[in-house]
Participant: 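Please see the structure below; I have some questions.
Just so you know, ligand 1 is whichever comes first in the structure, and atom 1 is the first atom listed for that ligand.
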Amino acid sequence: MKEKSIFVAGHRGLVGGAVVRDLRENGYEKILTRTHSELDLTQSEPVARFFEREKPRLVVVAAATVGGIKANNDFPVEFLLNNLKIQNNLIQSAYESGVEKLLFLGSSCIYPKHAPQPIPETSLLTGPLEPTNDAYAIAKIAGIRLCQAYHSEYGRNFISAMPTNLYGPGDNFDLKKSHVLPALLRKIHEAKEAGLPEVVIWGTGSPRREFLHVEDLAAACRFLLERYDSPEIINIGCGEDVTIRELAELLCEIIGYKGELTFDTTKPDGTPRKLLSVDKIKALGWSPRVSLREGIEKTYRWYLQNVVAKS
Ligand code: GFB
């Protein structure tokens, strides 16, 4: 496996960056990457030409238009259309150029809003979606189905994994687009630096979320590339969740902020809980290594060195 050429689409993002680092550290030498200016993945012709020319043997689809609850809610057209284009181009070109194995990454938001918790893979398409991110979820569900269709119709080894909420080095700290963990890390750090008496948290603070460090996700992707060959989707998570209030309190402790937390309930909570069942991947022999506290400490160090120090 390690001698095969592997194209990681989206290597400048949180997930793709971690996947490339993990593959390098684990002996993969032929890693192909392209920046957005080198290859626009929403354009079918250049993507097809790239695959024909480079002939990667393996592909990881880590390229996507992503964002937190606000961006998803405000820009459903971009989340639906860009993601459909990117994944359709990559998956179709992978098929046409004879790629041996492709890993498509979805998201825990593909599951119904009121799915049983922890959410088993079998919950897919059993109920209505959470409206704040249904455009993104529908695009991801289409990607899963396309991989399964290539498997059943043409016998291709195109697999799909569903990660839970991710965070880590290389995350997006732009408050309009980011997910909750990098958003609160930044808000709490800036409140501490400015000596502000309070930090505003969106929503009620009661929704529960599961957070997986992106290094664990990258290790899981490599594990699945090397050992999982089924078209059935598989969850990647840590099996534990916290409330948004608990997350904010932990961030305050790590960052050393002593002010108050206040809750802006005019902002949406989104889905009440989103904890993945990780029985399937655990039974195959994979488990995460990074605890939430350790992961946040690492991410905070990265933020100080790479965002604060360079601003
Ligand atoms: O991470 P997040 O933006 O998205 O928000 P989802 C999680 C929870 O944190 C929500 C609350 O209840 C937010 O209201 N929250 C509190 C905040 N303060 C903040 C803040 O300052 N910024 C943000 N962003 N949230 C995403 C989906 O859903 O999950 C994506 O939108 C994707 O499509 C991702 O699937 C994994 O967890 O609700």
Participant: Any heavy atom of Lys267 closer to ligand 1 than 4.0 angstrom?
Facilitator: no

Participant: Please say which of Lys192, Lys187, Arg186 ends up in a side chain to side chain donor-acceptor pair (under 3.5 Å) with Glu190.
Facilitator: Arg186

Participant: At a 4.0 Å threshold, what atoms of ligand 1 neighbour a non-hydrogen atom of Gly68?
Facilitator: 3 (O), 31 (O)

Participant: If you measure from NZ on Lys280 to CE on Met162, what distance do you get to the nearest 0.5 Å?
Facilitator: 10.0 Å

Participant: Can you report which non-hydrogen protein atom sits closest to atom 15 (N) of ligand 1, along with the distance?
Facilitator: Val180 CG2, 3.5 Å

Participant: Just need the protein heavy atom nearest to atom 29 (O) of ligand 1, so name the residue and atom and give the distance.
Facilitator: Lys274 NZ, 3.0 Å

Participant: Between Lys101 and Arg57, is there a donor-acceptor pair closer than 3.5 Å when you use the side chain of the first and the backbone of the second?
Facilitator: no

Participant: Can you measure from CG (Leu103) to CG (Leu58) and round to the nearest 0.5 angstrom?
Facilitator: 10.0 Å

Participant: What's the shortest distance from atom 34 (C) of ligand 1 to any protein heavy atom, and which residue and atom give it?
Facilitator: His179 NE2, 3.5 Å

Participant: Between Glu29 (side chain only) and Lys2 (backbone N and O only), is there a donor and an acceptor less than 3.5 Å apart?
Facilitator: no

Participant: Using a heavy-atom cut-off of under 4.0 Å, does the side chain or the backbone of Leu184 touch ligand 1, or both, or neither?
Facilitator: side chain

Participant: Could you check whether atom NZ of Lys298 has more than 12 heavy atoms from other residues, nucleotides or ligands sitting under 6.0 Å from it?
Facilitator: yes

Participant: Give the atoms of ligand 1, by number and element, whose distance to some non-hydrogen atom of Gly67 is under 4.0 Å.
Facilitator: 30 (C), 31 (O)

Participant: Can you check whether Tyr136 reaches Thr65 side chain to side chain, under 4.5 Å on heavy atoms?
Facilitator: no

Participant: Atom 3 (O) of ligand 1: which protein heavy atom is closest, and how many Å away?
Facilitator: Ile69 N, 2.8 Å

Participant: With a cut-off of 4.0 Å, which atoms of ligand 1 are near a heavy atom of Ala183?
Facilitator: 20 (C), 21 (O), 22 (N)

Participant: Please indicate whether Phe223 has more than 12 foreign heavy atoms, meaning atoms of other residues, nucleotides or ligands, lying under 6.0 Å from its CZ.
Facilitator: yes

Participant: Got the closest protein heavy atom to atom 35 (O) of ligand 1, with its distance?
Facilitator: Ser107 OG, 2.8 Å

Participant: Give the residue and atom name of whichever protein heavy atom lies nearest to atom 12 (O) of ligand 1, and the separation in Å to one decimal.
Facilitator: Asp269 O, 2.6 Å

Participant: With a 6.0 Å cut-off on ring centres, are Tyr95 and Phe158 close enough?
Facilitator: no

Participant: With backbone taken as N, CA, C and O and side chain as the heavy atoms from C-beta onward, which portion of Pro268 lies under 4.0 Å from ligand 1: side chain, backbone, both, or neither?
Facilitator: backbone

Participant: Please work out whether the ring planes of Tyr150 and Tyr154 are parallel, tilted or perpendicular, with thresholds of 30° and 60°.
Facilitator: tilted

Participant: Roughly how far, to the nearest 0.5 Å, is NE2 of His189 from OH of Tyr257?
Facilitator: 12.5 Å

Participant: Please state which option from Tyr111, Phe263, Trp202, Phe211 has its nearest heavy atom closest to atom 11 (C) of ligand 1.
Facilitator: Trp202

Participant: Look only at the side chain of Asn73 and the backbone of Ile69, and say whether a donor-acceptor pair between them is shorter than 3.5 Å.
Facilitator: no

Participant: Among all protein non-hydrogen atoms, which one is nearest to atom 31 (O) of ligand 1, and what is the separation to 0.1 Å?
Facilitator: Asn72 ND2, 3.0 Å

Participant: What atoms of ligand 1 come within less than 4.0 Å of a heavy atom belonging to Cys109?
Facilitator: 33 (O), 35 (O)

Participant: Which is it for Ile244 and ligand 1 at heavy atoms under 4.0 Å: side chain, backbone, both or neither?
Facilitator: side chain

Participant: Which residue owns the protein heavy atom closest to atom 37 (O) of ligand 1, what's the atom, and how far is it?
Facilitator: Arg209 NE, 2.7 Å

Participant: Can a non-hydrogen atom of Lys187 be found less than 4.0 Å from any atom of ligand 1?
Facilitator: yes

Participant: Does any N/O atom on Ser178 come nearer than 3.5 Å to any N/O atom on ligand 1?
Facilitator: yes

Participant: Between CD of Glu240 and CZ of Phe211, what distance do you get to the nearest 0.5 Å?
Facilitator: 13.0 Å

Participant: Any idea which part of Lys70 is under 4.0 Å from ligand 1, heavy-atom wise: side chain, backbone, both or neither?
Facilitator: neither

Participant: What do you reckon, does Ala71 put a non-hydrogen atom under 4.0 Å from ligand 1?
Facilitator: no

